[in-house]
Student: 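If you scroll down you'll find the structure; I have some questions about it.
Read the numbers this way: they start at 1 and go in the same order the structure lists the ligands and their atoms.
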Amino acid sequence: MKALVAYASKYGSTKGIAEFIGETLRQRGVDADVKDVDDVKDFGPYGAFVIGSALYMFHWMKEAKQFVSRNRKTLVTHPVWLFSSGPLGKEPKDSKGRDYKEVSGPKELEELRSSVNALDHHVFFGALDGSKLTGMIGLGYKMAMRSKEAREMMPDGDFRDWKEIEAWTGSIVDALVPQRIFQ
Ligand SMILES: Cc1cc2nc3c(=O)[nH]c(=O)nc-3n(C[C@H](O)[C@H](O)[C@H](O)COP(=O)(O)O)c2cc1C
């Protein structure tokens with residue numbers, strides 16, 4: 001059985017998480033492909049799905065939301081795990097004591113989860129290089145940076161926690177490998 005790790009990423013850090021998950025799955029005996037959601041044409045080879053998106057303005061990227069809704073009927077008949085990458089910084093909570101992972105989105109999480117009966121959803125910290133942002137996102141970022149709260153929430157840097165990502169991927173392997181034995 002082969003797994004597909006499908007991602008939507010604007011600046012590459014979510015792609016990096018997806019590639020790491022794919023590599024970890026393969027190292028632990030689960031064959032896996034890693035693809036941009038827009039490059040997935042054939043579902044035939046896959047028996048399990050890990051789908052992730054970068055978070056922008058508390059939402060998954062449009063491409064990832066469309067991928068899930070377009071393929072809902074196929075996905076719902078397979079094990080599906082979801083992840084989001086977004087929060088930035090070294091602190092788990094903001095100055096008001098709110099857990100970044102709980103307040104960062106996606107706002108459509110319940111809808112996403114229930115539409116494909118997802119087994120789990122995990123939020124990972126992401127990465128940001130403000131100097132590379134372009135277009136509407138660059139504009140949104142510049143405007144947001146005027147506020148102290150946004151500056152606190154969006155520091156530059158790479159905050160991806162590879163150990164956490166590895167552990168989460170391990171939980172996927174644990175769920176998949178017994179199924180494989182009985183096939
Ligand atoms: C304009 C802007 C809005 C963002 N909005 C959110 C958000 O709502 N929630 C969150 O957790 N992260 C947010 N982030 C942080 C990104 O999700 C983070 O940088 C992520 O790692 C980007 O992934 P990518 O490199 O794959 O595009 C935002 C970043 C920018 C620049």
Student: Just need the protein heavy atom nearest to atom 31 (C) of ligand 1, so name the residue and atom and give the distance.
Tutor: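 Checking every protein heavy atom, the shortest distance to atom 31 (C) of ligand 1 gives Leu133 CD1, 3.4 Å.
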Student: Judged on heavy-atom distance to atom 12 (N) of ligand 1, which of Gly86, Ala54, Gly16 sits nearest?
Tutor: Gly86
Student: Taking atom CD of Glu19 as the centre, does the number of heavy atoms from other residues, nucleotides or ligands within less than 6.0 Å exceed 12?
Tutor: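 For Glu19, atom CD is crowded (more than 12 foreign heavy atoms under 6.0 Å).
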Student: Might you point out which heavy atoms bring Met154 and Tyr141 nearest each other, and give the distance in Å?
Tutor: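 Smallest heavy-atom distance, with atoms named: CE-CD1, 4.0 Å.
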Student: State whether the number of non-hydrogen atoms from other residues, nucleotides or ligands found under 6.0 Å of Lys10 atom NZ is greater than 12.
Tutor: no
Student: Which protein heavy atom lies closest to atom 27 (O) of ligand 1, and at what distance to 0.1 Å?
Tutor: Tyr56 OH, 2.6 Å
Student: With the threshold set at under 4.0 angstrom, would you say Pro87 reaches ligand 1 through any of its heavy atoms?
Tutor: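 Within the 4.0 Å threshold, so yes.
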Student: Please report the interatomic distance CE(Met61) to CG(Asp38), rounded to the nearest 0.5 Å.
Tutor: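 Spacing of CE (Met61) from CG (Asp38) equals 8.5 Å.
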Student: Under a 4.0 angstrom heavy-atom cut-off, which atoms of ligand 1 come close to Gly12?
Tutor: 24 (P), 25 (O), 26 (O)
Student: Say you draw a straight line from CG of Leu82 to CG of Asp120; how long is it, rounded to the nearest 0.5 Å?
Tutor: 8.5 Å
Student: Run the ring-centre check on Trp81 versus Phe49 and record whether the distance is less than 6.0 Å.
Tutor: no
Student: Are any of the N/O atoms in Leu55 less than 3.5 Å from those in ligand 1?
Tutor: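 By distance alone, the answer is yes.
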Student: Heavy-atom contacts with Ser104 under 4.0 Å: which atoms of ligand 1 show up? List them by number with element.
Tutor: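 Going through ligand 1 atom by atom, the ones under 4.0 Å from Ser104 are 7 (C), 8 (O), 9 (N), 10 (C), 11 (O).
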Student: Going by the order shown, which atoms of ligand 1 are within less than 4.0 Å of some heavy atom of Lys10?
Tutor: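 Contacts of ligand 1 toward Lys10, numbered from 1: 24 (P), 26 (O), 27 (O).
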Student: What atoms in ligand 1 come closer than 4.0 Å to a heavy atom of Ser13?
Tutor: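 Every atom of ligand 1 under 4.0 Å from some heavy atom of Ser13: 20 (C), 21 (O), 22 (C), 23 (O), 24 (P), 25 (O), 26 (O).
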Student: I need the atoms of ligand 1 closer than 4.0 Å to a non-hydrogen atom of Met57, numbered in the order shown.
Tutor: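 So the atoms of ligand 1 that pass are 3 (C), 4 (C), 5 (N), 6 (C), 7 (C), 8 (O).
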Student: Taking the basic N atoms (NZ, or NE/NH1/NH2) and the acidic carboxylate oxygens, is any pair closer than 4.0 Å for Lys2 and Asp33?
Tutor: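 Yes, Lys2 and Asp33 are salt-bridged.
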Student: Counting from 1, what ligand 1 atoms have a heavy atom of Gly126 closer than 4.0 Å?
Tutor: 21 (O)
Student: Could you tell me whether Glu152 and Arg98 make a salt bridge, using a distance below 4.0 angstrom between a side-chain N and a carboxylate O?
Tutor: no
Student: Any idea which atoms of ligand 1 are less than 4.0 Å away from a heavy-atom of Met154?
Tutor: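 Listed by number with element, the hits are 28 (C), 29 (C), 30 (C).
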Student: Below 4.0 angstrom from a heavy atom of Phe58, which ligand 1 atoms are there? Numbered from 1 as shown, please.
Tutor: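 What qualifies from ligand 1 is 7 (C), 8 (O).
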Student: Using a 4.0 Å heavy-atom cut-off, say whether Val123 meets ligand 1 through its side chain, its backbone, both or neither.
Tutor: neither
Student: So does Arg113 pair up with Glu108, basic N to acidic O under 4.0 Å?
Tutor: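 Looking at Glu108 together with Arg113, the answer is no, because their closest N to O distance does not fall below 4.0 Å.
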Student: What part of Ala127 sits under 4.0 Å from ligand 1 if we count only heavy atoms: the side chain, the backbone, both or neither?
Tutor: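 Looking at Ala127 and ligand 1, just backbone atoms fall under 4.0 Å.
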Student: Of all the heavy-atom pairs spanning Trp60 and Leu55, show the shortest one and how long it is.
Tutor: CD1-CD2, 3.9 Å
